[in-house]
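Only heavy atoms go into these numbers, but all of them, side chains included; no hydrogens, no water, no symmetry mates.
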Amino acid sequence: MNRLDRAAAFERAAAVLRENDRGAYTIPTKGLYPFQWNWDSCLTALGLRHLDEARAWQEVETLLAHQWPDGMVPHIVFHVDDDGYFPGPSVWRTGRPVPTSGITQPPVLAFVMKRLHDEAGDKELARRKAHGLLAKADAWHRWFYACRDPEGTGLVAIIHPWESGRDNSIDWDEAMMRVPTDGVEPYERRDTKHVVAAQRPHKADYDRFLWLLQRFRDLGWDNARLHDASPFRVVDPGFNAILIRSDSDLADLAQTLGEPEIAARARARVAKARTAFEGLWSDAFGQYLCLDRVSNQLVDSPSIGGLLPVFAGLGDETHQRSIAGRIEAWRKRTRFGVASHDPADRRFESKRYWRGPVWIIVNMLIADGLRRCNLADAAAKVEAGSLALIEESGFAEYYDPISGEGLGGGHFTWTAAMVAELVKRAA
Ligand code: DGY
């Protein structure tokens with residue numbers, strides 16, 4: 001993309017961000033997702049900062065205003081009534097003053113806070129805002145290890161596929177077979193009123209998503225009990241890598257801002273997690289795999305989750321080069337990268353949500369990681385591929401890696417935010 005095209009891409013991205021701005025938070029897209037989502041919002045702040053730094057800080061402050069007393073930051077905040085989305089607050093029934101869901105999402109928050117702080121134009125504002133949020137980020141990270149790693153292994157499990165952000169990934173297929181569907185209350189999906197069903201999870205997935213939700217609701221959303229009570233407990237390398245990177249960014253930020261105790265706690269968590277992480281490596285696949293915590297087996301599913309560990313600089317040079325090699329090999333089978341699942345796997349589906357399509361936010365996390373691992377050429381290819389997709393199909397939620405077609409919701413906020421970030425940071 002040349003300079004002029006980049007400037008035009010930024011303007012188009014800014015228009016999407018403005019369109020979905022609801023004042024103190026941003027919705028992912030109209031219709032399909034009418035509330036505030038956790039990791040959407042944090043990544044959106046990276047785009048918003050190029051329009052208005054104070055507004056970018058406000059985005060994460062609004063999310064954290066709805067943190068639970070136990071430290072969890074919920075995956076959805078239902079700021080308004082809108083029956084265009086299912087399941088809404090009357091299904092979750094978490095009892096929060098402003099209704100929220102009862103599970104969490106990938107903790108990109110501290111990574112975002114560090115970047116907002118370190119690259120701020122208004123340094124004084126950034127210092128104040130970041131300092132005000134440090135304890136909350138630390139509380140969330142402590143919650144993860146207390147509630148999602150009760151045996152102290154060093155790695156956290158997700159207890160619902162929605163927590164991963166990669167809702168219907170092939171990674172969860174086996175573990176989901178363990179989730180029953182009896183007793184699921186009758187429900188009507190709304191997502192397929194906005195997006196064609198072939199691009200969304202199957203009904204069999206939704207039945208199990210709902211069964212888990214009901215199980216946790218029956219336990220009063222008591223996070224001290226949910227982990228052990230869930231038949232779905234998976235250690236996702238992508239999710240853990242995001243937590244490790246955010247914890248290490250939190251440590252650096254806390255040190256800079258004069259909070260050595262927070263920094264020391266975060267560093268200790270990172271050190272323990274890094275050691276445990278290497279148990280997720282698979283020589284056979286040349287990448288990381290999920291660990292099913294119930295069966296204690298690695299899951300034979302080569303997905304993007306197993307490439308994301310570069311985001312936290314995990315593994316040694318051999319591991320990191322192997323991941324760059326996987327990305328290259330996957331790209332050879334598709335027109336656009338990075339597919340969310342190995343295209344050579346017979347279970348790969350190029351249009352179905354997280355079972356194959358390209359997600360620009362993941363591309364951006366992977367590219368950032370490749371640079372950290374001194375693999376700048378590989379990073380540049382991932383970034384260029386992302387911009388090529390925008391040129392081809394606009395700001396979609398996700399893309400078919402083979403055809404380049406835009407899929408899911410349109411005018412999508414975090415896609416726009418990543419483009420704004422990519423174009424402005426490279427300028
Ligand atoms: C959905 O409803 O599709 C979301 O991904 C769950 O957060």
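Taking 4.5 Å as the limit, some side-chain heavy atom of Ile402 sits within range of a side-chain heavy atom of Phe348. Contact annotation: the side chain of Leu253 approaches that of Met113 to within less than 4.5 Å [non-hydrogen atoms, C-beta and beyond]. The closest side-chain heavy-atom distance from Leu212 to Ile159 is not below 4.5 Å. At least one side-chain heavy atom of Asp342 sits under 4.5 Å from a side-chain heavy atom of Trp330. The closest side-chain heavy-atom distance from Glu59 to Arg55 is below 4.5 Å. Side-chain contact between Trp143 and Thr104: present, with at least one pair of heavy atoms (C-beta onward) separated by less than 4.5 Å. For the pair Leu51/Arg18, a side-chain contact is recorded, criterion being any heavy-atom separation below 4.5 Å from C-beta on. Under the 4.5 Å side-chain criterion, counting only non-hydrogen atoms from C-beta, Leu257 is in contact with His117.
Using a cutoff of 4.0 Å between basic side-chain nitrogens and carboxylate oxygens, Arg127 and Asp122 are not scored as salt-bridged. Ion pairing of Arg115 with Asp249 is absent here, as no side-chain N (NZ or NE/NH1/NH2) approaches a carboxylate O to less than 4.0 Å. At a threshold of 4.0 Å, the pair Glu119-Lys114 does not count as salt-bridged, since none of the basic side-chain nitrogens sits closer than that to a carboxylate oxygen. Taking the charged nitrogens against the carboxylate oxygens, Arg178 and Asp292 do have a contact shorter than 4.0 Å, which makes a salt bridge. Using a 4.0 Å cut-off between a side-chain N of Lys or Arg and a carboxylate O of Asp or Glu, Asp368 and Arg245 qualify as a salt bridge.
Looking at residues two or more places apart in sequence or on another chain, you find a side-chain hydrogen bond (donor to acceptor under 3.5 Å, both in side chains) between Gln36 and Ser41, His79. Shown here are the side-chain hydrogen bond (donor to acceptor under 3.5 Å, both in side chains) partners of Tyr398, two or more places apart in sequence or in another chain: there are none. By the side-chain hydrogen bond (donor to acceptor under 3.5 Å, both in side chains) test, Ser230 pairs with no residue at all, sequence neighbours left out. Asp173 pairs by the salt bridge (charged side-chain N to carboxylate O under 4.0 Å, His left out) definition with Arg355, not counting sequence neighbours. Under the ring-ring contact (aromatic ring centres under 6.0 Å, His included) criterion, Phe285 pairs with no residue, sequence neighbours left out. Residues passing the side-chain hydrogen bond (donor to acceptor under 3.5 Å, both in side chains) test with Arg233: none are found, sequence neighbours excluded. Remark: Glu19 engages Lys30 in a salt bridge (charged side-chain N to carboxylate O under 4.0 Å, His left out) (not counting sequence neighbours). Take Phe336 and apply the ring-ring contact (aromatic ring centres under 6.0 Å, His included) test, not counting sequence neighbours, and it matches no residue. In this structure, the salt bridge (charged side-chain N to carboxylate O under 4.0 Å, His left out) partners of Arg321, at least two apart in sequence or on a different chain, are Glu317. Taking Asp70 as the reference, nothing meets the salt bridge (charged side-chain N to carboxylate O under 4.0 Å, His left out) condition, with sequence neighbours excluded. With sequence neighbours excluded, the residues that form a ring-ring contact (aromatic ring centres under 6.0 Å, His included) with Phe144 are Trp140, Phe239.
No side-chain donor-acceptor contact under 3.5 Å links Thr415 to the backbone of Phe395. Judged by distance alone, the side chain of Asn240 and the main-chain N or O of Asp236 form a donor-acceptor pair under 3.5 Å. With Ser386 contributing its side chain and Val382 its backbone, the two residues share a donor-acceptor pair below 3.5 Å. Without hydrogens or angle criteria, Arg331 side chain to Gly337 main chain gives no donor-acceptor distance under 3.5 Å. Not one N or O on the side chain of Glu392 forms a donor-acceptor pair closer than 3.5 Å with the backbone of Gly404. Judged by distance alone, the side chain of Glu397 and the main-chain N or O of Gly410 form no donor-acceptor pair under 3.5 Å. Asn168 places no side-chain N or O within donor-acceptor distance of the main-chain N or O of Asp205, the cut-off being under 3.5 Å. Listed for the Lys193 side chain is no donor-acceptor partner under 3.5 Å among the backbone atoms of Leu32. Of the possible polar contacts, one joining the His319 side chain to the Asp316 backbone as a donor-acceptor pair under 3.5 Å is found. Here the side chain of Thr62 pairs a donor or acceptor atom with the backbone of Ala24 at under 3.5 angstrom.
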TODO: Could you give me the CA-CA distance, side-chain angles and deciding distance for Asp247 and Arg265, then say whether salt bridge (charged side-chain N to carboxylate O under 4.0 Å, His left out) is met?
DONE: CA-CA 9 Å; Asp247 234 354; Arg265 272 203 297 272; over 6 Å; no

TODO: Might you work through the side-chain hydrogen bond (donor to acceptor under 3.5 Å, both in side chains) test for Asn20 and Thr413, ending with a clear yes or no?
DONE: CA-CA 7 Å; Asn20 293 332; Thr413 299; 2.8 Å; yes

TODO: Could you give me the CA-CA distance, side-chain angles and deciding distance for Ser303 and His341, then say whether side-chain hydrogen bond (donor to acceptor under 3.5 Å, both in side chains) is met?
DONE: CA-CA 4 Å; Ser303 81; His341 195 86; 5.0 Å; no

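In this pair, Tyr206 and Trp162 present their aromatic rings perpendicular. The plane angle is above 60°, beyond the 30 to 60° band. Ring planes of Phe232 and Trp172: perpendicular class, angle over 60° (limits at 30 and 60°).
Aromatic ring centroids of Trp414 and Trp39 lie under 6.0 Å apart.
Once rounded to the nearest 0.5 Å, the distance linking CG of Leu46 with CG of Leu116 reads 6.0 Å. Annotation: the span from Tyr288 atom OH to Ser282 atom OG amounts to 11.0 Å, rounded to 0.5 Å. The CG atom of Leu48 sits 11.0 Å away from atom CD of Glu421, with the distance rounded to the nearest 0.5 Å. Expressed to the nearest 0.5 Å, how far CG of Asp300 lies from CD1 of Ile170 amounts to 12.5 Å. Here the CD1 atom belonging to Ile242 is positioned 12.0 Å from the CG atom belonging to Leu109, to the nearest 0.5 angstrom. Here the straight-line distance linking atom CG of Leu375 with atom CG of Asp377 works out to 8.5 Å at 0.5 Å rounding.
Annotation: cation-pi pair Arg200/Tyr353 present, NZ/CZ under 6.0 Å from the ring centroid and within 45° of its normal.
Put simply, the residue from Lys351, Arg347, Arg352 that forms a salt bridge (Lys or Arg N to Asp or Glu O under 4.0 Å) with Glu349 is Arg352. When each of Phe209, Tyr187, Phe35 is checked for a ring pair (Phe, Tyr, Trp, His ring centres under 6.0 Å) with Phe86, only Tyr187 meets the rule.
The 12-atom threshold is exceeded at CG of Asp228, counting heavy atoms of other residues, nucleotides or ligands nearer than 6.0 Å.
The list of ring pair (Phe, Tyr, Trp, His ring centres under 6.0 Å) pairs with a residue in residues 292-315, not counting sequence neighbours, reads Phe111-Phe311.
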